[in-house]
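Encoded as C-alpha cells, the structure appears first; notes follow it.
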Amino acid sequence: MKAPVRVTVTGAAGQISYSLLFRIAAGDLLGKDQPVILQLLEITPALKALQGVAMELDDCAFPLLAGIVTTDDPNVAFKDTDYALLVGARPRGPGMERKDLLSANAAIFSVQGKAINDHASRNIKVLVVGNPANTNALIAQRNAPDINPRQFTAMTRLDHNRGLTQLAQKTGKTVNDVKKLIIWGNHSATQYPDVHHATVDGKTATDLIDQAWYEADYIPTVQQRGAAIIAARGASSAASAASAALDHIRTWALGSAEGDWVSMGVYSDGSYGIEKGLIYSFPVVCKNGDWEIVQGLEINEFSRGKMQATEKELQEERDAVKELLPA
Ligand code: NAI
C-alpha cells in the first residue's frame, strides 16, 4: 500500500462536501490503492455539524481512510497538505451586491492562500469550487507567492460534464462518444461552451447539430444549468459538483484520456489572446501530474466574441477586489 496523502477540504460540513468526502475516502479521487488523510476545515459555528460528518466517515470503516483532522484553523487544515479542495465560500445574502460578495470571499480566500503558502506541501494541487470560483482562485494564488501560480485552479469541469451530456443526448449517443468539448472563461453565466472542435462518435459535432439549436438552446442550457437545478431541487447542485471536483483532481493527478482534453480554470499564459494572469477556463491536456493548454485551435469570429465577453467579466471581477490583491 502507498503512503497516505493529505487532502484538505474546506466547507466540509456543507452539502457538496457531504457527497465529496465519502467518495474521496472510498478511493474515487486518486485510486483504490491510495490511502488518504482528510483535513477538514469549517467555520467555528459549523464545527459540531462537521464532527457529525467525521463520525459518519468513521462509521463507514473505509479501508483507505488513514486519518481525519477537523478544525476551524486554516493553518492546521493546510499543514503539509498535497491536495486542497476549496469548497467553502460565503453565499450571497439578502440585499448583498455582487461587489460585497466578491469582497467577502476575497477575505476568505486571501487567508486560505496565505495558509497554503506557509504550511502546505510545495507540490500542492489546489482546486477552487466555492463561487465566484475563478476569482477566488486568483485571490488565493496571489496570496501564495511561494507556490507556482499554475498550482491554483478553478472548477469548470461541472460545466464541461453538463455540456458532454447535452450534446450526447441531442445526437442520440453517450458521453463516451463525445470528445474535445471546451468550456472557455468564467464559471458563470458568461462561460462559453464551444463545440466547434468537438466530435461525436468520430464525426464533427457541428455537422450533427444546427447553429440555431446551438445558439438558442445548447449554450444557454449549459450556462444556466446551475439555476435550473436550484429551480427543480430547491437547492444548488451538490452531488454533481462533488463528482466534477473528483474528476478535475483525478484527471490533473493521473492524466487525461488519449485523444481528448478537459476544461479547467487555469492561470492564463496569454494563450488565445486571453490576458495573462487571469484564472480562465481553457481546454487542457494533463500528463505526469501537470496540465498544458491545448494550442493551435482555430477560433472563429463567433467564438472570439464569446471568449472575450467572459474574459471581460473576469477582468471586472478582478478589478472589483483589486485593493485586496497583493501586487
Ligand atoms: P453550503 O452552504 O452547503 O456549504 C458551504 C460550507 O462552507 C458551509 O458549511 C460553511 O459553513 C462553509 N464555510 C463558509 N466559509 C468558510 C470558511 N471561511 N472556511 C471554511 N468553511 C467555510 O454550500 P455548497 O452547496 O456545499 O456549495 C459550496 C460552494 O460551491 C458555493 O460557493 C457554491 O456556489 C459553489 N459551487 C460551485 C460549483 C462549480 O461548478 N464551481 C458548482 C456548485 C456549487
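Just follow the structure's listing: the first ligand is 1, and inside any ligand the first atom is 1. The residues of the chain are indexed from 1 along the displayed sequence. Values below: all heavy atoms of this structure, side chains included; hydrogens, waters and symmetry mates excluded.
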Point to revise | Side-chain H-bond candidate by donor/acceptor type, T221 with D217, under 3.5 Å | key: yes
**Study point:** Protein non-hydrogen atom found under 4.0 Å from atom 2 (O) of ligand 1
**Key:** no
Practice item. Give the atoms of ligand 1, by number and element, whose distance to some non-hydrogen atom of S237 is under 4.0 Å. Key: 43 (C)
**Study point:** Donor + acceptor pair across side chains of D80, H119 (<3.5 Å)
**Key:** no
Practice item. First locate atom CD of E275, then atom CZ of R318, and finally report the distance between them rounded to the nearest 0.5 Å. Key: 4.0 Å
Practice item. Could you verify whether a donor N or O on one side chain and an acceptor N or O on the other, from T190 and S188, lie under 3.5 Å apart? Key: yes
Check your understanding: Which bit of I108 is near ligand 1, meaning a heavy atom under 4.0 Å away: side chain, backbone, both or neither?
Key -> side chain
Review point. Taking non-hydrogen atoms only, is A89 closer than 4.0 angstrom to ligand 1 via side chain, backbone, both or neither?
Key: both
Check your understanding: Which residue pairs pass the salt bridge (Lys or Arg N to Asp or Glu O under 4.0 Å) test with at least one member in residues 286-299, sequence neighbours excluded?
Key -> R150-D290
Check your understanding: Any chance CD of E301 has more than 12 other-residue heavy atoms, nucleotides or ligands included, within less than 6.0 Å?
Key -> no
Check your understanding: Say you draw a straight line from CZ of F282 to OH of Y272; how long is it, rounded to the nearest 0.5 Å?
Key -> 8.5 Å
Practice item. Could you see which bit of A154 sits under 4.0 Å from ligand 1, with heavy atoms only: side chain, backbone, both or neither? Key: neither
Practice item. State the atoms of ligand 1, each with its element, that fall below the 4.0 Å cut-off from a heavy-atom position in V87. Key: 28 (C), 29 (C), 30 (O)
Check your understanding: For ligand 1, does R157 get within less than 4.0 Å through its side chain, its backbone, both, or neither, judged by non-hydrogen atoms?
Key -> neither
Review point. For ligand 1, which atoms sit closer than 4.0 Å to a heavy atom of G11?
Key: 6 (C), 7 (O), 12 (C), 20 (C), 21 (N)
Check your understanding: Taking non-hydrogen atoms only, is V129 closer than 4.0 angstrom to ligand 1 via side chain, backbone, both or neither?
Key -> both
Check your understanding: Among the heavy atoms of S236, does any lie under 4.0 Å from an atom of ligand 1?
Key -> yes
Practice item. Any atoms of ligand 1 less than 4.0 Å from a non-hydrogen atom of L158? List them with their elements. Key: 40 (O), 42 (C)
Practice item. Would you kindly specify which portion of M155 sits under 4.0 Å from ligand 1, judged on non-hydrogen atoms: side chain, backbone, both or neither? Key: both
Review point. Hey, are the side chains of W184 and Q308 touching, using non-hydrogen atoms and a 4.5 Å cut-off?
Key: no
Check your understanding: Quick one: which ligand 1 atoms are inside 4.0 Å of a heavy atom on A241?
Key -> 42 (C), 43 (C)
